[in-house]
Structures are given as structure tokens and as C-alpha cells.
Enquirer: 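Please find one structure pasted underneath; my questions will follow.
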Amino acid sequence: MKKVMLALAFLFTLNVMFVSCRDTNKETETTTEETSEVQKEVETSIEEAKKDAAEVEKEVEQAVKEAGEEVEKSLDKAEVKEDDSKTEKEDGEQAS
């Protein structure tokens with residue numbers, strides 16, 4: 001009887017050991033799959049962010065270029081007005 005009880009205890013121990021290892025492997029596989037999915041999502045988000053940043057950079061460069069052109073136009077107009085007012089003053093002084 002003693003040998004039968006020891007054999008059953010041994011079989012129970014082996015059974016528990018193999019079942020617990022299987023459960024751990026399944027959990028590890030599930031966790032690995034979830035991690036892979038999250039990693040793919042993060043990579044996709046990073047790529048989209050890079051594209052968005054490049055678009056914003058182009059828009060900013062264009063806006064700066066347009067602003068520079070507007071400033072140059074304003075300065076040219078100011079110089080023309082300044083030249084006209086100097087000419088009018090000179091003409092006025094010569095007429096006197």
C-alpha cells in the first residue's frame with residue numbers, strides 16, 4: 001500500500017510540473033504576441049509622426065520664405081516712398 005501511495009504522489013508531482021510549465025509557456029507566447037503588436041503600432045505611429053513633422057517643416061519653410069518676400073516688398077516700397085519724398089523736398093527747395 002505504501003508503494004502505491006508513493007507512486008501516486010510521484011505521478012501527481014510530475015503531472016503538476018508539466019501542466020504548470022505549459023501554462024507558463026502559453027502566457028509567455030501571449031505576452032510576446034501582444035508585445036509584438038504594440039511594437040508594430042509604435043513603429044507605425046513613429047513613421048506617421050515623422051511624415052507629419054516633415055510636412056510641418058515644409059509648411060514652416062514656405063511660410064518663412066513668403067514672409068521674407070513680403071518684408072522685402074515692404075522695404076522696397078518704403079525706399080521708393082522715401083526717394084519720392086526726398087525728390088519732392090529737393091524740388092521744393094529749388095523752386096524757392
Enquirer: Transitive ILVMFWY cluster of Met5 at side-chain heavy atoms under 4.5 Å: who else is in it?
Expert: none
Enquirer: Side-chain donor-acceptor contacts of residues 41-68 below 3.5 Å, not counting sequence neighbours, with atom names and distances?
Expert:
{"residue": "Thr44", "atom": "OG1", "partner": "Lys40", "partner atom": "O", "Å": "2.9"}
{"residue": "Ser45", "atom": "OG", "partner": "Glu41", "partner atom": "O", "Å": "3.0"}
{"residue": "Gln62", "atom": "NE2", "partner": "Glu66", "partner atom": "OE2", "Å": "3.2"}

Enquirer: Supply the atom-to-atom distance Leu8 CG to Asn15 CG, rounded to the nearest 0.5 angstrom.
Expert: 11.5 Å
Enquirer: Other members of the hydrophobic cluster containing Leu11, with the 4.5 Å side-chain heavy-atom rule, please.
Expert: none
